[in-house]
Structure formats: C-alpha cells, structure tokens
Protein chains: 2
Amino acid sequence: MRLTERKVAAILRQHSYKLTPQRRVVIQAIASNQDHLTPTAIYERVHQHHPSIGFVTIYRTLEILAQLGLICELHAGGSCRSYTISAPGHHHHLICSNCSRVIDFTGCELGKVEQDLSSKTGFRIEGHLLEFIGLCQACQREAT
Amino acid sequence: MRLTERKVAAILRQHSYKLTPQRRVVIQAIASNQDHLTPTAIYERVHQHHPSIGFVTIYRTLEILAQLGLICELHAGGSCRSYTISAPGHHHHLICSNCSRVIDFTGCELGKVEQDLSSKTGFRIEGHLLEFIGLCQACQREAT
DNA sequence: TTCTAAATGAAAAATATTTTCATTTAATAA
DNA sequence: TTATTAAATGAAAATATTTTTCATTTAGAA
Ligand SMILES: [Mn+2]
Ligand SMILES: [Mn+2]
Ligand SMILES: [Zn+2]
Ligand SMILES: [Zn+2]
C-alpha cells in the first residue's frame with residue numbers, strides 16, 4: 001500500500017480528522033524513509049524545514065496515524081523495556097493489542113531461518129524475539 | 001539454568017562484582033516471577049519489603065545482571081518505540097547487540113505457527129514481530 | 001581488624017511522554 | 001466568498017523514565 005497524499009487525505013477525512021500542513025509534513029518524513037524513526041528522530045527531520053512544529057504535534061500525529069493503520073508502531077507503549085529470568089535469547093509472546101495481556105508460548109521452528117540468515121549476513125545470531133499481535137478471545141467478544 | 005543464589009554469587013565474584021543485600025533482593029524479585037517486569041514493577045516489589053532501596057540501585061543492578069546474562073532484557077534501550085510506514089504487521093529485524101544496527105529481512109515462514117497458535121488460544125492474530133539478536137560481522141571482528 | 005575498590009542513596013540532570021488551555025485553522029455549508 | 005465550528009495547534013506545565021554526579025557506606029580480601 002503506497003502511502004499517497006490522496007489516500008491519506010481520504011482516510012483522515014473518513015474519520016473526521018483534518019489534513020493539516022503539519023500532518024502532511026510528518027507523513028512525508030516517515031514515508032520518505034526506510035528506517036524506523038523514533039518520535040525524536042521524526043521531530044528533528046521535520047523541524048529542519050518547519051521549525052515552528054512542536055513535539056506535541058508530532059506525538060499526537062503519530063498516535064492518530066498509527067491508530068488509522070497508516071503507519072506502523074514498533075515496541076510501543078510508554079516504557080516497553082522489561083526483564084525476566086534468563087531464558088537465553090528465546091522469547092515468544094502472544095500479545096493482545098487491546099488489553100495488553102501477554103501469553104508466553106513455546107515451540108517455534110526458527111532454526112532453519114536462523115541458519116539462512118546467519119550465512120547470508122554474517123551475523124552471529126544469539127537469540128530471538130517472536131511476538132504475535134492480535135486480539136484475545138475476551139477482547140474479540142467485547143469488540144462486538 | 002535455575003538461578004540459585006550460589007550460582008549468582010559465583011558469577012558476580014568472577015567479574016569482581018559484590019553480592020550485596022540489595023542485589024540479592026532484586027534477583028529474588030525477578031526470579032520469583034514468571035512475568036516480564038519493568039524496572040518500575042521491580043522497584044515496587046522490592047520496595048515493599050526494603051523501602052530504603054532506591055530506583056538508581058534497581059537500574060544499576062538490572063544493567064549488570066543483564067550484561068552477565070543472569071536476567072534477560074526485552075525491548076531494551078532508552079526509548080525503543082519507533083515508527084515506519086505501514087507494512088501491516090510484518091516485521092523482521094536483525095539487530096546487532098553491540099552497535100545497534102538494524103537490518104530488515106523478508107521471508108519468514110510463520111503461517112503454520114500462526115495458525116496453530118490461533119486455534120490453540122483463540123487469539124485473532126493480526127501481525128508479528130520477529131527479531132534476531134546477535135553480533136554483526138564488523139562487531140565480531142572488533143571483539144577480537 | 002584494616003583496607004580499598006565497589007556499591008549505595010540522595011539529589012539533580014537529562015530525556016521522554018502526556019495533559020491543559022488559550023488561540024488558530026481546515027473543512028463545510030450558507 | 002464568508003461565517004461557523006469542530007478539530008488542531010503550540011506553549012507551558014505536569015508526569016514519567018533514565019542517567020549522572022557525588023559524598024558516604026560496605027563487601028570481601030588480606
Ligand atoms: Mn517471554
Ligand atoms: Mn522493520
Ligand atoms: Zn485482550
Ligand atoms: Zn554491530
């Protein structure tokens with residue numbers, strides 16, 4: 001799904017959000033970059049050409065765009081850092097995007113993928129994190 | 001690897017770290033819990049029985065324990081939240097634990113795993129994040 | 001015991017994120 | 001157009017998270 005201005009405008013309007021110059025600029029900053037940008041990185045890029053745009057607008061815009069599915073949010077939510085006893089490098093989570101419940105599961109088959117990647121990239125792979133995001137049963141019901 | 005007090009003591013000593021009462025308590029808090037605990041959650045648990053322990057000690061202790069591989073750190077590093085253009089729910093990263101470089105890769109085979117999980121748990125799965133952690137070639141060399 | 005490198009807690013600094021509120025503006029309909 | 005108004009903005013303050021600094025205490029070795 002290329003993220004054309006037209007499309008963004010339509011989707012925003014559908015939800016009675018306005019397409020403001022500030023939002024255009026934020027979208028442009030994200031769309032024109034392959035990397036994952038932190039709010040601060042986005043702010044800095046935007047700020048160069050539009051010094052009047054503040055941090056608050058960045059945060060608010062990101063929240064809306066992510067909610068509408070126009071951009072994708074990784075490792076979201078306040079402080080997402082956490083600790084657990086060492087199960088060295090194997091983590092498998094099933095996360096409910098609504099209620100944030102986390103279920104651990106076992107039995108992933110990533111050995112093959114891991115080897116391929118390792119030989120292709122030269123990385124010495126030490127562990128992995130596999131997270132599925134979705135809606136738990138309770139939250140599916142609740143969503144009517 | 002059960003995390004016995006004896007073992008922890010040995011490993012700490014090996015690296016000329018001291019085994020202090022505060023560290024005992026933090027380790028105990030993490031080891032006695034299945035969940036992933038944020039620094040704040042750990043602080044709160046510890047604080048109930050040992051109100052004199054401060055936040056700084058928690059943070060410092062977590063850093064050391066993680067570095068020694070005694071505990072496992074998830075979604076680490078300051079602000080780990082970031083945004084990218086929508087590739088709905090598919091994310092595959094190869095992350096260097098030393099220099100933090102992130103490489104995207106394609107072609108994971110998770111359909112089967114996803115279906116199994118879905119039918120086992122009732123989750124409606126909408127996306128996933130697969131991250132391999134390791135050392136990139138450059139950092140392997142550097143580590144001599 | 002004595003000694004000392006390492007650890008601690010308090011406070012402050014640095015970041016990151018959210019809330020509040022007065023003002024401005026995009027979109028729509030006269 | 002112009003008027004209307006719900007939505008958006010920016011500044012500032014409030015909150016939350018993480019790191020740094022430093023004077024004091026302590027674990028562990030001798
Ligand atoms: Mn886990
Ligand atoms: Mn990615
Ligand atoms: Zn749920
Ligand atoms: Zn590297």
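By convention in this document, chain letters (A, B, ...) are assigned in the order of the sequence lines, proteins followed by strands, and residues within each chain are numbered from 1.
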Between [X] ([atom1]) and [N] ([atom2]), how many Å, whole number?
X: B:Ile58; N: D:dT17; atom1: CD1; atom2: P; value: 14 Å
X: A:Leu62; N: C:dT18; atom1: CG; atom2: P; value: 11 Å
X: A:Glu44; N: C:dT15; atom1: CD; atom2: C1'; value: 12 Å
X: A:Leu12; N: C:dT25; atom1: CG; atom2: C1'; value: 15 Å
X: A:Tyr43; N: D:dA11; atom1: OH; atom2: C1'; value: 12 Å
X: B:Arg13; N: C:dA7; atom1: CZ; atom2: P; value: 13 Å
X: B:Ile42; N: D:dT18; atom1: CD1; atom2: P; value: 11 Å
X: A:Tyr59; N: D:dA16; atom1: OH; atom2: C1'; value: 11 Å

Please tell me if the side chains of [X] and [Y] come closer than 4.5 Å, counting only heavy atoms from C-beta onward.
X: A:His93; Y: A:Asp104; answer: yes
X: B:Leu70; Y: B:Ile27; answer: no
X: B:His128; Y: B:Leu110; answer: yes

Handout entry: Global bending angle along the helix from C:dT1-D:dA30 to C:dA30-D:dT1, which compares the axes of five pairs at either end, to 10 degrees
Key =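 Terminal axis comparison yields 30°.
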Quick check on [N]: is either OP1 or OP2 less than 4.0 Å from any side-chain nitrogen or oxygen of [X]?
X: A:Thr57; N: D:dG10; answer: yes
X: B:Gln22; N: D:dA27; answer: no
X: A:Thr20; N: D:dT9; answer: yes
X: A:Thr40; N: C:dA16; answer: yes

Problem - Most 5' of A:Lys18 and B:Ile53 on DNA chain C, judged by nearest nucleotide - result: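 Nearest-nucleotide comparison on DNA chain C picks B:Ile53.
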Exercise for the section: Look at the side chain of A:Ser118 and the backbone N and O of A:Phe123, then say whether any donor-acceptor pair between them is shorter than 3.5 Å. Expected result: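 Confirmed, A:Ser118 side chain pairs with A:Phe123 backbone.
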Practice task
Decide side-chain contact (heavy atoms from CB on, under 4.5 Å) for A:Ile64 and A:His15; before the verdict, give the C-alpha distance in whole Å, the side-chain angles of both, and the deciding distance to 0.1 Å.
Solution key: CA-CA 10 Å; A:Ile64 289 170; A:His15 296 262; over 6 Å; no
Which part of the nucleic acid, if any, lies within reach of [X] when heavy atoms closer than 4.0 Å are counted: base, sugar-phosphate only, or nothing?
X: A:Arg23; value: sugar-phosphate
X: B:Arg60; value: base
X: B:Tyr17; value: sugar-phosphate

Exercise for the section: Could you pick out which residue, A:Ile64 or B:Glu63, lies toward the 5' side of DNA chain D when each is mapped onto its nearest nucleotide? Expected result: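 So the residue in question is A:Ile64.
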Exercise for the section: Determine, using the 4.5 Å side-chain heavy-atom cutoff (strictly less than), whether B:Ile103 and A:Leu117 are members of one ILVMFWY cluster. Expected result: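 In one cluster: yes.
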Problem - Residue of the set B:Val25, B:Thr61, B:Ile30, B:Thr57 for which side-chain contact (heavy atoms from CB on, under 4.5 Å) holds with B:Val46 - result: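 In the set B:Val25, B:Thr61, B:Ile30, B:Thr57, the residue that makes a side-chain contact (heavy atoms from CB on, under 4.5 Å) with B:Val46 is B:Val25.
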